[in-house]
Structures are given as C-alpha cells and as structure tokens.
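Below: one structure, written as structure tokens.
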Amino acid sequence: MSVPGDKAYDPSSLERRWQARWERDRTNSFSLEELRTARRPYFNLMMFPYPSAEGLHVGNIYAFTGADVHGRFKRLQGYDVFEPIGFDAFGIHSENFALKTGKHPSRLIPANIVNFQRQLRRIGGMFDWDHTVDTTDPEYYRWTQWLFLQFFRRGLAEKKGAPVNWCPSCMTVLANEQVIVGECERCGTGVEQRFIHQWFLKITDYAERLLRNLERIDWSDSTLKAQANWIGRSEGAQLRFPVYRPRAPGLIVEVFTTRPDTVFGATYVVLAPEHPLVDDIATDDRRAEVEAYRERTRAMDLVARRKIEKDKTGVFTGGFCVNPATGDRVPVWIADYVLMGYGTGAIMAVPGHDERDFDFATAHGLPITRVVAAAGEDADTPLAKAYEYPVGVLVNSGIYDGLEVDPGRDAIVTDLCKVRLARRRVTYRLHDWCISRQRYWGPPIPIVHCEECGPVAVPEEELPVLLPEVEDFRPDRSGVSPLARVRDWYEVPCPECDGEARRETDVSDVFLDSAWYFLRYPSTDFDDRPFDREITRRWLPVDMYIGGNEHAVLHLLYSRFVVMALKDMGLLDFEEPYDRFRAHGLIIREGAKMSKSKGNVIIPDPIIERYGADTFRLYLMFLGPFAEGGDYQDQGISGPHGFLHRLWESVVPEEGELSAEEADEGVERKLHQTIKRVTEQLAELRYNTAIAAMMEYLNAVRAGGRRPRRAEVEPLVCMVAPFAPHIAEELWRRLGHDESIFEGANWPAFDPARCVKNDARIAVQVNGRVRGTVLAPVGADRDEVMARARAEANVARHLEGTYVRRIVHIPDRLLNFVVVRAAGVGRAR
RNA sequence: GCCGAGGUGGCGGAACCGGUAGACGCGAAGGUCUCAAAAACCUUUGCCCUUGCGGGCGUGAGGGUUCGAGUCCCUCCCUCGGCACCA
C-alpha cells in the first residue's frame with residue numbers, strides 16, 4: 001500500500017485508500033459467527049441520526065467522532081468493539097420536509113440515507129455497515145409493531161380518551177414531552193387542547209423503578225437529574241373533602257397535597273374546570289357562570305393556560321365542602337390554575353402557605369389563615385405573602401398546635417387515616433406515553449377494530465402491516481390520520497370473528513422506533529426474530545452510549561421503560577439498556593450559536609476536502625472538553641493540521657531513514673508520562689487535554705530540531721490513531737507492520753517507574769510568595785531542600801533580617817518559609 | 001421561580017487531593033529561508049513598573065478560613081442549558 005519514494009502527506013488520497021481497504025478487509029464488520037463468539041465484546045453505541053436532506057451537520061460529526069474515538073480506543077486496548085450506526089428516518093420531521101418540497105418521503109429518505117452513508121464513511125468512523133438499521137424499512141418496523149403487540153397483550157397499551165396537545169400547524173397530537181412552554185417543539189406553534197382517543201403505553205406503572213434505578217447506572221450527572229425531575233415524584237396524602245349537601249350526602253372531593261400539615265389552613269377547595277364533579281357541585285344559580293368559565297378554558301390553548309404570570313381566574317361553584325380537619329364549610333371554586341392531569345385534579349387551597357393559593361385568595365377575597373409560625377412569629381402574625389417553608393410550629397390547628405411541621409404532618413395524616421379521611425399517597429409528574437400520531441410517515445399501529453371483538457391485535461405472522469404508498473399524505477384538521485382516507489387499506493376482516501372491521505389508522509410515535517433500535521443492531525442477520533437471545537446476552541446491555549442531552553428525558557426514558565417491560569415479559573435478561581451514558585456538549589462558532597438563519601453553519605465537506613478527515617476529527621476533539629462542547633474558530637484548525645504534518649514528517653523524514661537507536665532517556669520518560677496521561681484522559685473522554693499532551697510530547701521529541709527515533713514515535717502513532725485513524729494506519733504500515741493498527745491490541749503500555757523524574761523542581765516561597773525554585777532529588781527531605789533553598793540568591797535576600805517561625809514542606813513541590821521581620825520579633829512578644 | 005453547568009490572557013481552553021495560575025492551540029510581534037509571497041522553522045507574548053536583576057497586580061464582585069485559595073465556606077452579580085401554576 002505504501003508507495004516508496006512518496007514522502008509527502010496527502011490526506012485526501014491516503015484517507016480514500018484506507019477507507020477502501022477497511023471496506024475490503026471487513027476491518028470493522030462482524031460476521032454472524034464473530035458476533036456469536038467475540039471474546040471481549042464491547043457495544044459502543046451512539047445516537048443514530050435522522051437523515052435530513054441537508055446532510056450531516058457538524059453537531060452530528062462532533063458526536064459521532066467523539067463516540068468513534070472511544071470505540072477505537074477500546075479496540076486498541078483489545079476489545080471486540082461493535083460500533084453500528086443507523087437511520088431514524090420516520091417521523092414528522094421527514095414528513096414536514098416532504099410536504100414542503102412536494103417529494104414523497106418514501107423516495108426522499110433513501111436518497112438522504114445514501115448521502116449520509118457517503119458522509120459517514122468519509123469521516124472515518126469505525127462503523128459496521130453490515131449491521132445497520134433503517135426504521136422505515138418494513139423489515140425493521142415489523143418488529144416495532146411486534147413490540148407494540150407485546151405491550152398490548154400484557155395490558156401495557158391501552159386506548160383511552162384524553163385531553164391531548166394538538167398542534168394546529170403540524171395537525172397532530174404531541175406528547176407532553178414535545179410541548180415546550182406551550183408550543184410545538186417542532187414548529188413553535190401554540191398548542192391547543194383536544195379530546196381524542198389515543199393509544200397510551202403505561203410508563204407510569206414503572207415510574208418508581210425508573211426513578212430508583214437511576215441510582216445504579218453510570219450516566220452523566222446532568223442526565224440523571226433531568227430524568228429524576230421529569231419523573232417528578234412527590235410524597236404526600238390524598239385527603240377527602242366531603243361535599244356539603246345535607247339533602248344528598250355521599251359526594252366526596254379527593255385532593256392531593258404534599259402539605260397535609262396545613263390542612264387547618266385550607267379555606268377553600270379548587271377543582272380543575274374539567275373535573276367530573278363540577279356539574280354535581282355547581283348550584284343552579286351559579287351554573288351559567290360555571291359553564292361559561294369551563295367553555296372559556298376549553299377554547300383556550302395550553303399556551304395561554306400555562307402562562308404563570310397571568311392573573312389567577314376562576315369562579316365560585318356555589319357549592320361547599322367540609323374541611324375534614326376543622327369541620328368548617330369551605331367554598332368550592334373552579335380555576336384553570338388547577339390542572340386535571342396532575343394528582344386528582346382538585347386541591348385544598350391553603351392561601352397562607354402556598355403562593356398560588358395566596359394570589360387567588362387575594363384576587364377573590366377568600367379568607368387567609370396562618371397555620372404555621374416560623375421563629376419569632378405566632379398565630380396572629382399577619383401574612384404579607386404565603387409562608388411556604390415547611391419549617392416552624394403549627395398554630396390555629398386545634399389539638400396539633402405547637403407541634404413542629406414534620407411530626408405535626410405525621411400526626412394529622414395518621415389521625416385522618418383512622419377515620420378514613422386520608423391516605424398516604426405518592427404522585428408522579430410523569431404521564432403515560434401517548435404513542436398515537438394522526439400522521440402518515442410512521443409504522444401503522446397493528447390493531448384492527450371490530451364492532452364485536454373490540455381492538456384486536458394483528459396476528460404476528462401477518463406483520464408487518466405495511467404502510468400503504470399514497471400520494472396524498474397530507475394531514476387534515478379533522479384530527480384523523482391520512483390513512484383513514486385509504487378505504488381499501490383499512491377495510492379488513494376481523495382476525496378473530498372474521499366480521500367487518502377496520503384497521504387502526506394512526507401510526508406510532510418516532511420515539512417508539514428508537515426505543516429499541518440498539519436491540520436490533522447485533523441481530524440484523526435474523527429475519528425471524530427481533531433480537532436473538534444468545535447474541536443479545538453477549539452484547540447487551542450497551543457498554544457505552546454517547547449522545548446529546550436533548551434526549552435526556554424522552555428517548556432515554558422511553559428506551560429504559562421498554563427494556564424494563566421486556567425484561568418483565570421474560571424476553572430480556574437485563575432491565576437497564578445502557579450501562580454507561582455520556583452526554584456530549586454542543587459546538588458553537590466564534591462565540592455564537594450556529595443557525596441556518598445566521599448563515600454561520602459549518603459545512604463539513606469543504607473542510608474535509610481541504611484538510612482531511614483526520615485533521616477535522618482531531619480539531620473537533622481539541623476544541624474543548626467533549627462533555628461541554630467548544631467554540632469552533634475557523635483559524636484554529638491549522639494547529640491540529642500542523643501537528644499531523646509534524647507527526648508525519650517525524651515518522652517519514654524527508655531525508656534519510658528513521659533512526660533505530662533506543663529512545664533518548666529524557667524523551668523516554670516524557671513518553672511514559674504521556675502514555676499515562678493520554679490513557680487516563682481518553683478513558684474519561686477528556687479528549688482535548690489528551691491531544692494537548694500528545695502535542696507537548698511531539699514538541700519534546702522534536703525540540704531544538706532533534707531527529708526523532710523510531711521508539712519515540714511509534715507509540716505516538718498508536719495514541720493518535722483513535723483521533724486520526726487514516727494517517728495512523730499509513731504510518732503504522734510505513735513502520736513496517738502488515739496488519740491494520742486496529743487489529744491486535746496495540747495500545748502502548750506505560751511503566752510507572754519510568755514516569756518519575758530523578759529531580760524535582762521545587763518552588764520556594766517566603767510568606768506564600770514564590771521567590772525562586774530549586775532542583776532537588778525526588779523525595780529529598782526538608783532539611784536538604786531547605787539547604788538548597790537558602791543557597792538561592794533571591795530566596796536568601798528575602799530571608800535576610802527575618803526570623804523563621806515555621807516551615808511548610810510539600811515533598812517535591814514546595815517549600816514555604818513563614819517569617820517575621822527580626823526587628824519585629826521583640827516587639828511582638 | 002426551581003434544577004443543572006459555567007464565569008481564568010486578545011481568543012479557544014489547562015491546572016491532581018488547597019501547593020510555581022495560564023499547559024496545549026489560535027492570534028499577534030520579531031527573526032531564519034526566499035527576488036517576493038505562501039508554507040515551514042526559531043524566539044517572544046497575562047497586565048503594570050524596571051536598562052537589567054527584580055518588584056507589584058492578577059482566575060465575575062465582596063467577605064472569610066489557611067503558612068498558602070482558580071480550587072474550601074458565606075453573600076451577591078452575570079451567562080448558558082433544562083423544567084415550569086405539578087398542589
């Protein structure tokens with residue numbers, strides 16, 4: 001492969017050559033046999049991209065390169081690294097683009113994928129192209145449908161009517177997670193509320209486990225926190241407020257509260273406008289007003305409703321409840337600040353100790369009672385605002401007066417439990433996962449609706465339910481999927497009674513596609529099962545997962561849920577899909593966010609063209625800590641580029657041959673230090689400092705124009721290989737190796753004994769200020785260092801005329817004389 | 001408002017467990033080579049005072065602990081990301 005006499009570094013031809021060779025030799029591909037027998041399997045996963053028409057952007061490349069560096073590092077350490085990639089090609093994103101350009105997604109996507117594959121090959125990723133996944137391929141989505149059926153069979157999928165987020169622009173339902181501050185995540189349009197029958201997966205059944213397991217998985221801290229927040233566990237009590245109606249008793253309003261200790265301060269009750277008891281509680285004279293308010297709320301989109309700053313509106317229903325603690329009659333209101341989707345959809349309002357209730361009470365002239373007094377306050381201290389801290393003693397609380405908040409809460413709940421007016425309860429913010437989409441570009445949900453039998457699963461042997469090719473795939477306002485217009489597709493006999501029936505015409509959420517794709521990768525050789533038991537046992541859970549924190553809650557939570565459920569079904573042997581997850585940072589450019597509108601987006605192809613993929617990869621990893629991202633400065637790329645040139649020139653000298661002499665002693669020490677640093681830092685994904693260490697080392701090797709020796713540069717070639725695999729292969733070859741550098745654990749070892757220097761440069765301080773440095777043998781004791789320090793002219797100067805009170809000695813690092821002026825000693829005494 | 005990350009030279013960023021702040025790179029200045037330029041290579045480069053030796057100041061602001069603080073503690077300001085009427 002090497003061309004004798006060809007001594008110039010020419011990245012573009014060299015990279016093309018090695019990419020072709022990896023392909024030819026199947027360097028990065030596993031055969032089925034290899035997957036079955038790999039000795040040190042390491043599943044290196046990265047989040048698969050959505051294949052857009054624009055092609056790979058720098059963000060993709062940054063993430064993939066960081067993940068690939070990790071994979072190649074592990075491989076050089078001798079692991080059998082499986083590094084697959086695929087395409088998350090279903091979903092609204094593709095569909096909207098198709099609608100805009102008038103091209104059918106089924107024609108658009110394959111072209112995009114071809115382009116992505118070309119680009120992904122070009123950046124030199126270690127991808128196994130024999131085990132790739134395309135979520136729009138019927139051979140893939142038949143198993144997505146199969147997955148849904150497993151949930152359906154076990155009662156973990158159900159269709160229920162629910163108020164949902166409706167995006168009037170995308171004309172579809174959105175999951176709560178896809179609504180950002182009341183707006184559609186994708187198009188920014190204000191989201192409305194609609195009541196539609198939808199398929200839900202019961203992720204809330206797993207809330208507690210999803211939360212608890214967070215403690216035992218090795219993930220980025222920020223991601224763990226985001227998940228915990230999203231699940232949003234709160235402990236509290238459900239209290240019963242009987243409706244006050246002497247003539248017809250029996251109705252009860254259940255409220256959820258985290259502060260049952262404040263129940264004596266509950267001066268009114270608020271129901272969500274959609275609450276089912278509103279009709280029963282409202283009195284005839286108030287009914288018109290109540291109805292008007294409910295109507296208004298219903299019409300209002302969630303944007304307006306979710307705005308916190310707005311004034312708290314609401315109306316009195318005319319009805320009353322009995323406060324179970326005080327026995328007082330309290331008025332029942334409805335207000336849109338109480339949400340039907342959380343807790344019981346009803347609250348006891350404690351205006352003295354809840355800011356929202358306080359605002360509402362103030363606006364509507366409702367009584368405010370203090371029931372907790374902080375230090376220095378008593379039962380009558382006026383409340384200028386709600387006192388929300390759960391600290392203090394109970395007041396105005398009958399027999400509980402004087403108890404601290406925590407024991408008070410316990411006592412109150414215990415007593416109310418005895419009379420069945422309370423029970424302890426844990427509530428989660430997490431909602432069930434709505435997977436129905438009234439769109440075209442997704443896998444049809446494999447259900448047939450039969451008048452007689454209800455919803456019936458499509459038999460597994462009939463999967464996939466193919467998405468029909470239809471030209472008119474636009475969604476419409478009706479809230480019904482485009483597939484509902486394709487009569488000869490949806491009209492089918494019932495699989496159970498053979499009677500007239502109709503296919504489910506909704507398709508499933510993209511997040512269902514990506515909730516299990518990692519299970520498929522190692523098993524793509526099988527078309528009769530989604531994932532092979534034996535192979536799955538060998539390769540999963542995923543050893544390392546690298547991706548963006550934008551998926552910290554959605555994708556990562558859903559895939560955890562899916563795996564947990566599959567484990568319970570006996571289909572998997574583990575319940576957490578990813579042993580380690582690391583979130584990468586974002587790339588900005590010259591201090592500003594990149595965006596198409598600003599026109600400051602980095603286009604990778606021309607950069608790769610000019611400098612080569614190796615330089616581009618190295619530079620991206622050099623920008624900053626991988627977990628935090630970095631600032632892409634156009635000029636900066638010349639640094640890493642120059643480094644690779646110097647590396648090349650060091651291994652392939654322009655004149656003469658590489659010296660075979662033993663490594664210089666000083667350089668060798670530096671080499672061992674460098675191997676140590678780079679090895680440790682790569683393990684922690686601290687790529688930027690690892691690269692800096694290698695640069696520093698190469699500078700030392702070439703210092704003063706000295707000629708590098710083979711033993712000095714060969715290990716460096718191996719260390720550079722994860723970042724710049726092509727040049728590393730070429731240099732490895734030129735160093736006389738026949739096999740790929742990635743075959744056979746070539747990561748260099750370091751000898752700790754050879755990392756240490758003979759002498760240490762020790763800082764000498766006088767009163768904490770550095771006045772000089774001295775050289776002393778490593779491990780030299782205090783007296784020896786002190787003697788050398790005193791011999792140092794500038795140190796001696798600063799010690800002159802002083803009295804040494806104390807000496808601080810940190811071996812091999814520092815010596816500090818703590819002194820006072822001699823003249824001052826006497827005075828101080 | 002809550003949660004998370006962060007604030008260090010002209011710029012991107014280093015700094016183990018509290019121990020010489022500014023590694024590495026960009027940019028800039030000077031030089032070598034060249035007819036010239038590019039590339040490459042060498043030197044300098046936190047700020048201020050000083051011919052030099054050297055000295056002073058310096059990690060968002062203010063206080064504290066310590067022989068010694070970018071690092072620990074308290075108060076505050078700002079930036080970025082996420083969540084947000086969640087009872």
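All heavy atoms count here, side chains included; hydrogens, waters and symmetry mates do not. Residue numbers begin at 1 in each chain, while the letters A, B, ... track the order of the sequences.
In this structure, A/E628 places its CD atom 9 Å from P of B/G13, rounding to the nearest Å. Here B/A14 presents its P atom at 19 Å from CG of A/N699, a figure rounded to the nearest Å. Atom CD in A/E388 sits roughly 12 Å away from atom C1' in B/C2 (whole-Å rounding). For A/I807 and B/C67, the CD1 to P distance is 15 Å, given to the nearest whole Å. Rounded to an integer number of Å, the gap from CZ of A/F622 to C1' of B/C26 is 9 Å. A/R797 has its CZ atom 8 Å from the C1' atom of B/G55, to the nearest Å. The interatomic distance linking A/N688 (CG) with B/G12 (P) rounds to 14 Å, in whole Å. Straight-line distance from the NE2 atom of A/H809 to the P atom of B/G19: 15 Å, rounded to whole Å.
Among the heavy atoms of the strands, none lies under 4.0 Å from A/R233. Among the atoms of the strands shown, only primed sugar atoms or phosphate atoms (P, OP1, OP2) are found under 4.0 Å from some heavy atom of A/H798. Within 4.0 Å (heavy atoms only), A/Q765 reaches at least one base atom of the nucleic acid. Residue-level contact check: A/N794 touches the backbone only, with heavy atoms under 4.0 Å from sugar-phosphate atoms and none from bases. Note on A/I810: a base of the nucleic acid sits closer than 4.0 angstrom, heavy atoms only. Within the 4.0 angstrom heavy-atom criterion, no nucleotide atom of any strand lies near A/T427.
Between B/C24, B/G19, B/G56, one nucleotide has an atom nearer to the side chain of A/R771 than all others, and that is B/G56. Set against B/G13, B/G12, B/A87, the side chain of A/F256 has B/A87 as its closest nucleotide. Distance from the side chain of A/E696 is smallest for B/A23 among the nucleotides B/G54, B/A23, B/G25. Comparing B/C24, B/G55, B/G19 by their closest approach to the side chain of A/A692 singles out B/C24. Side chain of A/K225, nearest nucleotide from B/G12, B/G4, B/C24: B/G4. Looking at the side chain of A/W230, the nearest of the listed nucleotides B/A14, B/C67, B/C83 is B/C83. Listed candidates were B/C26, B/G25, B/C67. Nearest to the side chain of A/R806 is B/C67. In the set B/U20, B/G55, B/C24, B/U20 carries the atom at the smallest distance from any side-chain atom of A/V770. Each of B/G13, B/G81, B/G19 was ranked by its minimum atom distance to the side chain of A/K593; first place goes to B/G81.
In this structure, A/D432 contributes its side chain and A/T204 its backbone to a donor-acceptor pair below 3.5 Å. The main-chain N or O of A/L815 is never found under 3.5 Å from a side-chain atom of A/H809 such that the two would form a donor-acceptor pair.
When the P atom is compared between B/C11 and B/U59, the two are found 15 Å apart, to the nearest whole Å. Atom name P, nucleotides B/C85 and B/U79: the rounded distance is 23 Å, in whole Å. When the C1' atom is used for both B/C73 and B/G18, the distance is 13 Å, rounded to whole Å. The P atoms of B/G55 and B/G1 are separated by 48 Å, rounded to the nearest whole Å. With P as the reference atom, B/U20 and B/U71 are 14 Å apart, rounded to whole Å. Using P as the reference atom, B/G52 and B/U65 are 39 Å apart when rounded to the nearest Å. Remark: the separation of the C1' atoms in B/G60 and B/G70 is 12 Å, to the nearest Å. The separation of B/C47 from B/G58, taken at their C1' atoms, amounts to 8 Å, rounded to a whole angstrom.
Within the structure, a side-chain polar atom (N or O) of A/S234 is placed less than 4.0 Å from OP1 or OP2 of B/A87. Remark: A/R769 is not in phosphate contact with B/G58, judged by side-chain N or O atoms under 4.0 Å from OP1 or OP2.
Using a 30° and 60° split on the angle between ring planes, A/F581 and A/W219 fall in the tilted class, from 30° to 60°. Under the 30°/60° scheme for interplanar angles, the aromatic rings of A/F626 and A/Y687 are found to be tilted.
Heavy-atom nearest nucleotides on RNA chain B were determined for A/Q633 and for A/G341, and the one closer to the 5' end corresponds to A/Q633. Both A/N816 and A/G629 lie close to RNA chain B; mapped to their nearest nucleotides by heavy-atom distance, the more 5′-ward contact belongs to A/G629.
The nucleotide B/C17 finds no pairing partner, because no Watson-Crick or G-U wobble arrangement with both distances shorter than 3.5 Å includes it. Remark: B/C57 base-pairs with B/G46. Criterion, Watson-Crick or G-U wobble with two distances under 3.5 Å. Across all strands shown, B/A5 pairs with B/U79; the Watson-Crick or G-U wobble distances both stay below 3.5 Å. Base pairing of B/C41 is made with B/G31, judged by Watson-Crick or G-U wobble geometry with both donor-acceptor distances under 3.5 Å. Partner assigned to B/G62 is B/C74, using Watson-Crick or G-U wobble distances below 3.5 angstrom. Nucleotide B/A36 is matched to nothing when pairs are restricted to Watson-Crick or G-U wobble geometry with both distances under 3.5 angstrom. Base pairing analysis places B/G68 opposite nothing; no Watson-Crick or G-U wobble pair with both distances below 3.5 Å involves it.
Between A/D336 and A/K312, none of the side-chain N atoms (NZ, or NE/NH1/NH2) sits under 4.0 Å from a carboxylate O, so this pair counts as no salt bridge.
Figure legend: cation-pi geometry between A/K670 and A/Y697 absent, as NZ or CZ is not positioned both under 6.0 Å from the six-membered ring centre and within 45° of its axis.
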Under 3.5 Å between N/O atoms: give me all the protein pairs with nucleotides 40-46 of chain B, atom names plus distance.
unit_1: B/C41; atom_1: OP1; unit_2: A/R646; atom_2: NH1; d: 3.2

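Between the side chains of A/R425 and A/Q238, at least one donor-acceptor pair of N or O atoms lies under 3.5 Å. A donor-acceptor pair shorter than 3.5 Å cannot be found between the side chains of A/D359 and A/Y337. Checked by atom type, the side-chain pair A/S638/A/Y611 shows no donor-acceptor distance below 3.5 Å.
B/C17 adopts a syn glycosidic conformation, its chi angle falling within 90° of 0. Base orientation of B/G60: anti (glycosidic angle beyond 90° from 0).
Scored by the side-chain contact (heavy atoms from CB on, under 4.5 Å) test, A/N323 finds A/F241, A/V263, A/A266, A/A325, A/T326, A/V330 as partners (sequence neighbours excluded).
In terms of heavy-atom proximity, A/A583 sits nearest to A/T223 at CB-OG1, 4.1 Å.
On a pure distance criterion of 3.5 Å, a polar donor-acceptor pair joins the side chain of A/R813 and the base of B/C16.
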Next on the checklist: Please evaluate residues A/E680 and A/R686 with respect to the criterion salt bridge (charged side-chain N to carboxylate O under 4.0 Å, His left out), reporting the C-alpha separation (whole Å), side-chain torsions for both, the decisive distance (0.1 Å), and the verdict.
Outcome noted: CA-CA 9 Å; A/E680 288 168 358; A/R686 301 194 52 90; over 6 Å; no
